[in-house]
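As the structure lists them, so they are numbered: ligands from 1, and atoms in each ligand from 1.
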Amino acid sequence: MNFELSPLDLHALTQEKTDALLVLVTSAFRPSKDSVSVLIAKAVKSGDLVAKAGQVLDIYRPVGFVCTRIVLMHAGGGGTAEVRKAVTAATTLIKAANPKRVTLCLIQDQTPETVRVALTSLAEASYVYTSTKTKAEGRTIQRVTLLVQDDQKLRCVFDRAVAAIAGIELAKEWGNRPANHATPSHLAQAARALTKFPRIKCEVLGPKEVAKLGMGAFQAVAQGSDEPLRFIVLHYSGAGKASAPAVLVGKGITFDSGGISMKPAAEMDEMKFDMCGAASVLGTFRALAELQPDLNVVGLIPSCENLPSGRSLKPGDVVTSMSGQTIEVLNTDAEGRLVLCDALTYAERFKPRVVLDIATLTGACVIALGAVRSGFFSADETLSAALLAAGESSQDLCWPMPLDEDYADGLKTSFADVANVAGRAGGAITAAKFLQRFAGKCPWAHLDIAGTAWKSGAAKGATGRPVGLLVDYLLALDTRAKTT
Ligand code: BES
Ligand code: MN
Ligand code: ZN
């Protein structure tokens, strides 16, 4: 899908050659004398376009226009959630007609937030997964033209939205692929494929190298599976060597059966999504490839399967992490923290300015925050504020969670330095407390995306979150670096 940005000329809209002209209307709309404005004014006055977010009016072969159809979409007061509702409804509606060219027209509300959310919602609602289907037709939309009055002013936010969409779609693609089509080796290939873009390099470590590094916790999770583990290291080098990188660590469990502490059968298929943290790192690098910002980013992906077998890790086993700390594995289903802890130790060698880990880590986080906001944990106030802000600007929301030392009490054990689980209560927080022991000295945050990385039920599928948030967070680092 290609995107282009063009200046809006209301009087020229009648000549816009497109399969669908989507026009965003808000309550602030004041008609002028052009044909579209007259049409909207009539539709609102007659009540055919209800002034409520998500209401649409589909007008086929409108008289005086060369386009095939106009879809008026109401976004209520024009808030981001309302714009999303409107664009999602209109896109879902036109999808059945297999449009190739779509023109998205922002008549009045032309804020950066509207541009971002309108484009990402259109991409989201028109996305089609095809990789493992033989007869599936992909997305028919080839070109999307965004019309805004001041295209110069909005160029930057437009470029960022388009880059974020490319990243989100890559993350969705890998998230959605079934585990037998998205093994650790496949993820490594996907990472290597990113090296075709400028400034991106990739290194892939296998079982031998990982053993040599002493990543005993990561190895222990992988040992139950016949599929060999991969430790993927991505580099985006947009600044000089002296500039400390931001490190992103993505949980890459390509299937989480729970291991010997096996999960129940219902919905276990959804554990193919347990590599969505890894996919978000790949997606973020895809967006960096588009935007080419002046900063350094390292991506780390510990990837393996968590399966039961005669060689599996067992409850009660004690493993030695790369940091030297021993871990008593009381529950083999708490495997995410085991692969992440070694990656966090590995991250230290880059002397990072910041480390973020992204993981579908706990069912408890789904209970705490649902599918609306990802949870984040950080002891660093500047970092917390930046994550919250990036969530808002990208509309990929997150929310701060606590890290009080008392939450770590349940991780104490007589048989190792730390246990990998505490009780059920506060499960998302105890997981974060476990990880915190392995985070180095630089500012660190953990994002638990268990509730936001994919949707269950009829709309089952990866969301591509939190690529939008990560892109905005990193680009804010870039501008901060330039101004200080
Ligand atoms: N990948 C799961 C977390 C998960 C579960 C995400 C359900 C989304 C939906 C993780 O590896 C896991 O199994 N966590 C356990 C931890 C527990 C054993 C302390 C959980 O949340 O049940
Ligand atoms: Mn698990
Ligand atoms: Zn898991």
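Between the Mn ion (ligand 2) and the N, O or S atoms of D256, the shortest distance is to OD2. Closest to the Mn ion (ligand 2) among the N, O or S atoms of E335 is OE1.
The CE atom of M275 sits 10.5 Å away from atom OG1 of T183, with the distance rounded to the nearest 0.5 Å.
Surrounding CZ of R424 are at most 12 heavy atoms belonging to other residues, nucleotides or ligands under 6.0 Å away. By the 6.0 Å contact criterion, CZ on F197 is enclosed, its count of non-hydrogen atoms from other residues, nucleotides or ligands being greater than 12. Shown here is K272, whose NZ atom has more than 12 heavy atoms of other residues, nucleotides or ligands within 6.0 Å.
Residue, atom and distance of the protein heavy atom nearest to atom 6 (C) of ligand 1 are A450 CB, 3.6 Å. Regarding atom 12 (C) of ligand 1, its nearest protein heavy-atom neighbour is D333 O, 3.2 Å. Of the protein's non-hydrogen atoms, the one nearest atom 2 (C) of ligand 1 is D256 OD2, 3.6 Å. Protein heavy atom at the shortest distance from atom 19 (C) of ligand 1 is V421 CG1, 3.5 Å. Among all non-hydrogen protein atoms, the one lying nearest atom 3 (C) of ligand 1 is L361 O, 3.4 Å. Looking from atom 18 (C) of ligand 1 to the surrounding protein, the closest heavy atom is N331 ND2, 3.4 Å.
Salt bridge status for K52 with E82: absent, with no side-chain N to carboxylate O gap under 4.0 Å. R230 has no carboxylate O lying under 4.0 Å from a charged side-chain N of E203, or vice versa, which leaves the two without a salt bridge. Between E335 and K263, none of the side-chain N atoms (NZ, or NE/NH1/NH2) sits under 4.0 Å from a carboxylate O, so this pair counts as no salt bridge. Contact check on R116 versus D396 returns no salt bridge, with no Lys/Arg side-chain nitrogen under 4.0 Å from an Asp/Glu carboxylate oxygen. Remark: R160 engages D472 in a salt bridge, criterion side-chain N to carboxylate O under 4.0 Å. We find that K251 and D274 are joined by a salt bridge, their nearest charged nitrogen and carboxylate oxygen being less than 4.0 Å apart.
With G363, G258, A334, S261 as candidates, the residue nearest to atom 21 (O) of ligand 1 on a non-hydrogen basis is G363. With atom 9 (C) of ligand 1 as the reference point, the heavy atom nearest to it among K251, M268, E270, M271 is part of M271.
Distances between N or O atoms of D274 and those of ligand 1 include at least one value under 3.5 Å. The distance criterion of under 3.5 Å between nitrogen or oxygen atoms is not met by R337 with respect to ligand 1. Inclusion of W454 in the set of residues having an N or O under 3.5 Å from an N or O of ligand 1 is not warranted.
Ligand 1 lies nowhere less than 4.0 angstrom from a heavy atom belonging to F434.
Checking D333 against the Mn ion (ligand 2), an N/O/S atom falls under the 2.8 Å cut-off.
Around the Zn ion (ligand 3), the protein atoms of type N, O or S found under 2.8 Å away are K251 NZ, D256 OD2, D274 OD2, E335 OE2, listed by chain and number.
The side-chain contact (heavy atoms from CB on, under 4.5 Å) test with L470 singles out one residue from L475, I358, L387, and that residue is I358.
In this structure, the ring of H235 has its center less than 6.0 angstrom from the ring center of F350. Residues Y346 and F231 bring their aromatic ring centres within 6.0 Å.
Aromatic ring orientation, W444 versus H446: parallel (interplanar angle below 30°, classes split at 30° and 60°).
The distance from ligand 1 to the heavy atoms of E335 drops below 4.0 Å at these ligand atoms: 11 (O).
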